[in-house]
Amino acid sequence: MDVTAIVEPLNEPQREAVTAPARPTLVLAGAGSGKTRVLVHRIAWLIRVEGLSPQRLLAVTFTNKAAAEMRQRIEALLEFPTQHFWIGTFHGLAHRLLRIHCDEAGLHAGFQIMDSDDQLRLVRRLLKSLEIDENERAPKEVQWFINAQKDDGLRPANLDAEDNAGRAQLIDLYGRYEKICADAGLVDFGELLLRAKELLAHNEAIRAQYQARFQHVLVDEFQDTNAIQYDWLKLLAGRSSTPFVVGDDDQSIYRWRGARVENLQKFQRDFPGAAVVRLEQNYRSTGTILNAANAVIAHNSERLGKNLWTEGETGEPIKLYAAFNERDEAEFVVNRIVDFVTGGMRRDELAVLYRSNAQSRVFEEALLIAGIPYRVYGGMRFFERAEIKDALAYLRLIANRDDDPSFERIVNVPTRGVGARTVEAVREEARRAGTSLWRAAAAVITAERLAKRSSNALWQFLRLIDQLDEATGSLALDMQVKHVVNASGLVAHYGKDKLAGESRVENIQELISAAQGFLADAESALPPLIEFLSYAVLESGDTQAEDYEDSVQLMTLHSAKGLEFPVVFVCGLEDGLFPHQRSATDSAGLEEERRLCYVGLTRARQQVFLTYAEQRRLYGTDNFGVPSRFIREIPQELLEEVRPAMAVSRPVYRRESLQEATSSGVRLGQRVRHGKFGEGIVLNAEGSGAHARVQVNFERAGTKWLVLAYAKLEVM
DNA sequence: CATACAGACATAAAC
DNA sequence: TGTCTGTATG
């Protein structure tokens, strides 16, 4: 194969990155600048030109989708199968490492992975067993604490209570949680990474082995890495390997999930002499869209600095629509969609983006009325569905009787007469004897401490699991699954469901198909079932099956990252909604919101529509919105305001800012006193001068809108 | 033990 | 306002 195909289609900086000599390299790749292309061509270059054995490279992504895409594109370019390449997600690769070295990592050979749902259940049960009230200590908070510590690489022993009783309790819970996981042979997502990191950090032989093996380590979306992922990379790269990382600080939108943008700077410090390549030429959007995006992101102070440009056309101005309310906003968007579709555009070329999921409903209703097919991203994914998780719990219990969360999940599904009291007795025994629920159940039955009926029901359950194990031990994986879902009564149980029975049974059938199509790793010594169960957690499946028909795409700004559409609607641009109230309090949060806006704008190829609603019904109450500051950050000459024919209100960018509107000393959050209504807090404000109005929540009189000129509010 | 109702809650989400 | 969870009830 000739080198031309690898190098020819690249621009200068792309080529520089792809053909870079073997030294640490940081590629700052702007939106739409060919980031994936650079990674794919770099790998092709290393193999074809540098003669690197595929065995000796490691490529890491965040999502299975990205990993699959990379694989596919490498195969297309190299005409070469990639099954044996180490390309995968951080979690997938960590999992692989732990399976290979489970002894050294201190894990059971058949350890299983818990998803966040399983994790939360486990935390709930832990709190209950300690008789800690959920109102006093929210399970979510405990879960969040544990995950945050793991993301930072900290074990309970590394934590200091700092004379804080609440913190001390959290640390204690973290310790107990770890014990439960270890006993049940369970590993959560954070644990996969942390364990893998500790394995490399503490075991010199293994570390040396992988450092020597992986000459090149490539990382995608580097701005999304957390502390452990970074340490992991550093351990793996060692002195002899070459890290090649690609990222964009302007697209870092996952700080709340543990991501550390600082890792980009840290990389330059930890690998002195690292080459830095900037990809700034954009192949996606019009000049107008890029100028707008550049202008918005320029308001951020913490940046490495980058400016997107294009050789393409200027394109249409960005259209701005000020809707009366959220229904009007949706109607406007749907009318534009109808126009585009009538004009010959495919529906899946149109995307409606919003800040929070709750906003989708109004658009869905409007699209439904207009008879336009749409697809909403997000929501329940395949392997997260209750019927699927129940089926998997049976399989997990068959594989490992000590898997307490699975035991609890299915001990009475379908209902077999094992009630809450019976389960409580089993838990009690497990706590007393310090064993798993499975063993405790057997002990409770033997001790004859239960009513005969309960005892029998429990006995039936234990027998069922043993029987399923015996009956399926020698079957192929798909037959194993098929037998379990039928003989356990799960299919019959879900089939009875009047509302969703049909689809639930279909899903269970789908699980059997998935098992049928599952290719277990030939090198692995583990039973295929164990591998399949891990696969099910790590690859939790798409939200929805592939579109049957061409449909409009509805999703949050977060889930739009990495995608592109000819036409993009960014909706709900109101202060408090976008930027979101809960992120706008500190500058770091606000900057992340701004990056989110940047991500939204740069999704569009040809045309962007921005909308906001002057009034929005949210959680049952009306809110009067102020246009998002992000609108004002776009240069006016790039914007064109679309007004309904009857409109009378002023154009948004000439509208006085909130501060001017309330220059009389009344600010949001300000305490004020009114002659008649008493004291209250200013919630909202709009208009200016003689028309300026504020919304005040009075302690006694409730929420009221008042015209400042008349109300004679006293600032407190 | 299934269903009905009351009350809490509501940013984003990959593995 | 809608959804989800936990509890009360037949």
Side-chain angles (χ1 to χ4, degrees), chain A residues 60-67 88-95 113-120 124 128 134-135 138-140 144 147 150-151 187-194 196 220-221 224-226 228-229 252-259 326 353-362 364-365 377-381 383-384 386 412-421 457 493 496-499 534-543 555-562 572 576-585 589 592-593 595-596 599-600 616-623:
Chain A
V60 201
T61 64
F62 274 85
T63 65
N64 290 301
K65 198 177 149 207
T89 62
F90 277 102
H91 293 85
L93 294 167
H95 172 240
I113 308 167
M114 265 189 299
D115 67 14
S116 358
D117 185 59
D118 300 332
Q119 188 187 32
L120 187 62
R124 279 222 172 88
K128 207 165 255 171
E134 293 200 357
N135 295 317
K140 277 247 166 70
W144 186 88
N147 290 337
K150 290 193 181 187
D151 279 351
V187 166
D188 62 41
F189 288 130
E191 187 72 23
L192 281 175
L193 300 177
L194 181 51
D220 191 15
E221 305 278 20
D224 289 341
T225 51
N226 66 25
I228 307 200
Q229 286 158 339
S252 158
I253 54 174
Y254 288 115
R255 196 176 63 119
W256 52 275
R257 206 166 77 176
E326 76 282 355
L353 310 183
Y354 36 78
R355 176 63 235 265
S356 62
N357 286 310
Q359 285 167 257
S360 77
R361 237 199 57 232
V362 196
E364 289 185 63
E365 284 166 6
Y377 281 67
M380 195 63 78
R381 308 166 81 213
F383 285 108
E384 292 167 359
N412 201 31
V413 179
T415 43
R416 53 172 68 83
V418 182
R421 305 182 68 159
H493 174 250
K496 277 191 302 192
D497 190 329
K498 280 205 176 61
L499 251 77
S534 309
Y535 161 84
V537 185
L538 286 175
E539 173 91 56
S540 53
D542 228 331
T543 305
M555 69 190 83
T556 63
L557 286 145
H558 281 91
S559 29
K561 190 174 144 217
L577 190 61
F578 187 33
H580 198 276
Q581 198 90 54
R582 298 178 70 152
S583 312
T585 42
E592 180 146 310
E593 294 285 305
R595 292 192 288 269
L596 197 52
V599 166
R616 181 180 296 274
R617 207 172 171 80
L618 210 61
Y619 308 138
T621 45
D622 282 325
N623 296 79

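Reminder, nothing fancy here: chain letters follow the sequence lines and each chain counts from 1. In this text the structure is predicted, and so the values were computed from the model without any measurement.
As judged by a 4.0 angstrom heavy-atom cut-off over every strand, A/Gly417 is placed among residues touching the sugar-phosphate backbone only. If you check every strand for non-hydrogen atoms under 4.0 Å, A/Thr621 touches nothing. Heavy atoms of A/Asn357 sit under 4.0 angstrom from primed sugar atoms or phosphate atoms, though from no base atom.
Stacking of the aromatic ring of A/Trp256 onto the base of B/dA12 is found: the ring centres lie under 5.5 Å apart and the planes are inclined by under 30°. The ring of A/His91 does not lie on top of the base of B/dC15; it is either too far (5.5 Å or more) or too tilted (30° or more).
Without hydrogens or angle criteria, A/Asn147 side chain to A/Trp144 main chain gives no donor-acceptor distance under 3.5 Å. Side-chain atoms of A/Glu326 come within 3.5 Å of backbone atoms of A/Arg617 as a donor-acceptor pair (strictly under, hydrogens ignored). Between the side chain of A/Asn412 and the backbone N or O of A/Gly419, no donor-acceptor pair lies under 3.5 Å.
Closest contact between the side chain of A/Glu593 and the listed nucleotides B/dC1, B/dC15, B/dT11 involves B/dT11. Between B/dT11, B/dC15, B/dA2, one nucleotide has an atom nearer to the side chain of A/Ser540 than all others, and that is B/dC15. The side chain of A/Tyr254 sits closest to B/dA13 out of C/dG2, B/dA14, B/dA13. Side-chain proximity of A/Thr415 to the nucleotides B/dA13, B/dT11, B/dA2 is greatest for B/dA2. If you check B/dC1, B/dA13, B/dT11 against the side chain of A/Asn412, the one that comes closest is B/dC1. The side chain of A/Ser583 has B/dA12 as its nearest neighbour among B/dC1, B/dC15, B/dA12.
A straight line from OH of A/Tyr354 to P of B/dA10 spans 20 Å, rounded to a whole angstrom. Rounded to whole Å, the distance from CD on A/Gln581 to C1' on B/dA10 is 14 Å. B/dA14 atom C1' lies 10 Å from atom CD of A/Gln229, rounded to whole Å. Summarising the geometry, the separation between CG on A/Leu192 and C1' on B/dA14 is reported as 13 Å, rounded to the nearest angstrom. Put simply, CD on A/Glu191 is 18 Å from C1' on B/dA14, counting in whole angstrom units. Between the OH atom of A/Tyr619 and the C1' atom of C/dG2 there is a distance of 11 Å, rounded to whole Å. When the P atom of B/dA13 is taken as reference, atom CG of A/Leu596 falls 10 Å away, rounded to whole Å. Atom CZ of A/Arg616 is separated from atom C1' of B/dA10 by 15 Å (rounded to the nearest Å).
For C/dT5 and B/dA12, the C1' atoms lie 23 Å apart once the distance is rounded to whole Å. Between the C1' atoms of C/dG6 and B/dT11, the separation comes to 25 Å (whole Å). Taking atom C1' in both B/dA14 and C/dT3, the straight-line distance is 24 Å, to the nearest Å.
Between A/Arg355 and the phosphate of B/dA12, there is no side-chain N or O to OP1/OP2 separation shorter than 4.0 Å. Side-chain N/O atoms of A/Arg255 include none lying less than 4.0 angstrom from OP1 or OP2 on B/dA12. Not one side-chain nitrogen or oxygen of A/Asn64 sits closer than 4.0 Å to the OP1 or OP2 atom of B/dA14. The side chain of A/Asn147 places no N or O atom within less than 4.0 Å of a non-bridging phosphate oxygen (OP1 or OP2) of B/dC15. Between B/dA13 and A/Thr556, a contact under 4.0 Å exists linking OP1 or OP2 to a side-chain N or O. A close approach under 4.0 Å does occur between a side-chain nitrogen or oxygen of A/Ser559 and OP1 or OP2 of B/dA13.
When Watson-Crick and G-U wobble pairs are counted only if both distances are under 3.5 Å, B/dA12 pairs with no nucleotide at all. Of the nucleotides present, C/dG10 is the one that pairs with B/dC1 by Watson-Crick or G-U wobble criteria, both distances under 3.5 Å.
Comparing A/Thr63 and A/His493 along DNA chain B, the residue whose closest nucleotide (by nearest heavy atom) sits nearer the 5' end is A/His493. Along DNA chain B, the nucleotide closest to A/Val537 and the one closest to A/Gly620 are compared, and the more 5′ of them pairs with A/Gly620.
Looking at A/Ser356 and A/Gln359, their side chains do bring a donor and an acceptor atom within 3.5 Å of each other.
Using a 4.0 Å cut-off between a side-chain N of Lys or Arg and a carboxylate O of Asp or Glu, A/Asp115 and A/Arg381 do not qualify as a salt bridge.
Residue A/Arg257 places no side-chain atom within donor-acceptor reach of the base of B/dA12, judged by atom type and a 3.5 Å distance cut-off alone.
Residues A/Tyr354 and A/Leu577 form no side-chain contact, since every pair of their non-hydrogen atoms from C-beta on lies 4.5 Å or further apart. Side-chain contact between A/His95 and A/Ser534: present, with at least one pair of heavy atoms (C-beta onward) separated by less than 4.5 Å.
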